Q: 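Have a look at this one.
What you see is a predicted model, and the numbers here were worked out from it, not measured in a lab. Computed from heavy atoms alone, side chains included, the values below leave out hydrogens, waters and symmetry copies.
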Amino acid sequence: MKNRTALVIVFFTIFIDLMGFGILIPLLPTFASKQLAVSDFGIGIIVAIFSLMQFLFNPVLGKLSDRIGRKPLITTTLLMTATSYIIFSFADSFLILLISRMLAGIGGSNIAVAQAYIADVTSKEDRAKGMALIGVAFGLGFVFGPLIGAFLSKFGYDVAGFGSAAFSFMAFLFAFFFLPESNLNKSKDSRISLKLIDVKYISKVLKIPRVGLLIILFFIIIFSIANLYGTFALLGYKHFNFTDQQNGFLYGIMGAVGVLVQGFFVKTAGGKINERKLVLWGTVLMMLGLGAIPYGYNFIGVSIVVVILSIGTGILQPTILSLVSKFSPDNEQGAILGINQSLASLARVLGPLWGGFSFDYLGYYAPFLTGAFFTFVTLVLTYYYLRTD
């Protein structure tokens, strides 16, 4: 794998930033519910607004990074993220919390730029391993972040917010001083559209052979898992009587399993096992995990189900991302990965909205069974239509 040093630096940049993200994610629903008396559906809106900003800004930042480079955008968005966490620490109303999550969503739109960075410094043969590094960084962030958040929450939710801000600012400093620019062939095309929603370009990308299907599969998978974003912690808090610490541990388990799967299995399996088989097996495990979560009964039962779910998602996400990059033109990596990430963000908008609504009005099991059903749809589409050779 070429440019190993650059990969290590971008890995640590993402990891440090995701530690800050991981601190707040398990605490956000219970903070909104207990401290601000926000309804379950309102919590869905709080979670969804983050992803709505990513939907709008991911393709813009992806295209812009093709033009001006990856590093300027990565550093700027890390500063935005740190600022959003400081605002969270002072949130005393639904509106202030909403504003903090909107800014965090814009900052979090750097993931497409990070994926393009990986594409810049890896060969097509090593692309899956490179994309898996992002998954490992996410996973480690979700191992240590929730555990740190569980500890900091004992001192107050504001302290957890300041802790998140500190990690994101550390990531900014790390990227600013050590991250080299990877895009050495910046696009000279001044006609590149920077519209927030470029329907014409999205349509063009979806028509690229295999890329369009893969982006649709990724959208469905992310929608299915996004049903959990605002409801998983509420399920533990309201129906299983889990504490913030126990919810934090469950997110930590998700992260740890993701690290093991993406850091070892996907890295080892890349190039040895057909990607289509990996997608099929990952989909089956994810479907079983989602469907079983509301029936976990207690902390041990839910923990076991979370392991199954996390193995599935750990296989699926880097494999599909690798395939999207593999079948995309080299000079449009940032733009196409930005479109993919943008549509995934739209799925993260719709998932929490439906999750919060169905949890509130249809029953606590509804978001999880919805996710399992749509994952089954992915399984069918993969089996009949996906070809990777």
Side-chain angles (χ1 to χ4, degrees), residues 20-56 80-81 83-108 142 145-146 149-150 152-165 223 225-248 250-251 293-294 302 345-368 370-371:
F21 182 76
I23 288 173
L24 284 193
I25 284 301
L27 304 177
L28 189 63
T30 49
F31 167 73
S33 179
K34 290 195 290 188
Q35 302 293 109
L36 304 181
V38 178
S39 69
D40 295 341
F41 183 52
I43 292 171
I45 294 174
I46 290 291
V47 174
I49 197 69
F50 176 92
S51 298
L52 177 61
M53 294 300 101
Q54 289 190 315
F55 167 65
L56 294 173
M80 287 185 182
T81 302
T83 303
S84 75
Y85 295 146
I86 292 173
I87 294 173
F88 168 84
S89 294
F90 293 100
D92 57 1
S93 68
F94 177 84
L95 179 60
I96 299 299
L97 184 59
L98 194 69
I99 291 171
S100 76
R101 298 311 295 163
M102 288 174 69
L103 188 59
I106 298 172
F142 270 91
L152 292 179
S153 67
K154 296 179 180 179
F155 303 98
Y157 290 107
D158 56 338
V159 175
F162 288 129
S164 295
F223 170 80
I225 195 72
N227 276 266
L228 276 66
Y229 287 177
T231 55
F232 185 60
L234 289 176
L235 177 72
Y237 168 56
K238 292 191 172 184
H239 292 277
F240 294 139
N241 297 315
F242 295 164
T243 64
D244 284 336
Q245 286 71 40
Q246 286 176 308
N247 277 332
L250 286 172
Y251 278 91
I293 282 178
V302 174
S345 297
L346 177 61
R348 293 187 185 99
V349 174
L350 300 176
L353 287 177
W354 170 253
F357 173 82
S358 59
F359 190 96
D360 220 358
Y361 296 104
L362 300 181
Y364 67 88
Y365 51 84
F368 308 97
T370 298

Q: For the CG atom of L235 and the OH atom of Y365, what is their distance to the nearest 0.5 Å?
A: 13.0 Å
Q: Quick check: do F88 and L28 have side-chain heavy atoms less than 4.5 Å from each other?
A: yes
Q: Calculate, to the nearest 0.5 Å, the distance between atoms CD1 and OG belonging to I96 and S89 respectively.
A: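 Between I96 CD1 and S89 OG, I get 12.5 Å after rounding to 0.5 Å.
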Q: Using 0.5 Å steps for rounding, measure from the CD1 atom of I86 to the OG1 atom of T81.
A: 11.5 Å
Q: Run the ring pair (Phe, Tyr, Trp, His ring centres under 6.0 Å) check on Y251 and F232 step by step: do they pass?
A: CA-CA 10 Å; Y251 278 91; F232 185 60; 5.6 Å; yes
Q: Evaluate the side-chain proximity of F90 to D158: yes if any heavy-atom separation is below 4.5 Å, no if none is.
A: no
Q: Between T83 and L103, which heavy-atom pair has the shortest distance, and what is it?
A: CG2-CD2, 3.8 Å
Q: Only one of I45, I43, I99 clears side chain to side chain contact (heavy atoms under 4.5 Å, CB included) with F94; which?
A: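 In the set I45, I43, I99, the residue that makes a side chain to side chain contact (heavy atoms under 4.5 Å, CB included) with F94 is I45.
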Q: So how far is it from F368 CZ to N227 CG, rounded to the nearest 0.5 Å?
A: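 Going from the CZ atom of F368 to the CG atom of N227 covers 8.5 Å.
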Q: Could you tell me if the side chain of L228 sits less than 4.5 Å from the side chain of I293, heavy atoms only?
A: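 A side-chain contact under 4.5 Å exists here.
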Q: Compare every heavy atom of A160 with every heavy atom of L27, then report the nearest pair and how far apart it is.
A: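 Scanning both residues completely, I find the closest heavy atoms to be CD1-CB, 3.7 Å.
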Q: Taking all non-hydrogen atoms of both residues into account, name the closest pair between P367 and G363 and its distance.
A: CD-O, 3.7 Å
Q: Got L250 and F242 here, is their nearest side-chain heavy-atom distance under 4.5 Å?
A: yes
Q: Taking the six-membered ring for Trp, are the ring centroids of H239 and F359 within less than 6.0 Å of each other?
A: yes
Q: Could you tell me the separation between the CG atom of L234 and the OG1 atom of T30, rounded to the nearest 0.5 Å?
A: 8.0 Å
Q: Taking the side chain as every heavy atom from C-beta outward, state whether F240 and Q246 have any atom pair closer than 4.5 Å.
A: no
Q: Return the minimal non-hydrogen interatomic distance between M53 and M102, and the atom names on each side.
A: CG-O, 3.2 Å
Q: Mind listing the closest non-hydrogen atom pair of L97 and A32 along with its distance?
A: CD2-CB, 4.0 Å
Q: Mind checking whether S33 and Y237 have side chains closer than 4.5 Å, heavy atoms only?
A: yes
Q: As an exercise, state the distance from OG of S164 to CG of L24, rounded to the nearest 0.5 Å.
A: 3.5 Å
Q: Locate the shortest heavy-atom distance separating S100 from S84; write the atom from each residue and the value.
A: O-CB, 3.2 Å
Q: Kindly indicate, with the supporting measurements, whether the criterion side chain to side chain contact (heavy atoms under 4.5 Å, CB included) is fulfilled by V38 and F31.
A: CA-CA 9 Å; V38 178; F31 167 73; over 6 Å; no
Q: When you compare the side chain of K238 with that of Y364, does any pair of heavy atoms fall below 4.5 Å?
A: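 Side chain of Y364 against side chain of K238, heavy atoms only: no contact under 4.5 Å found.
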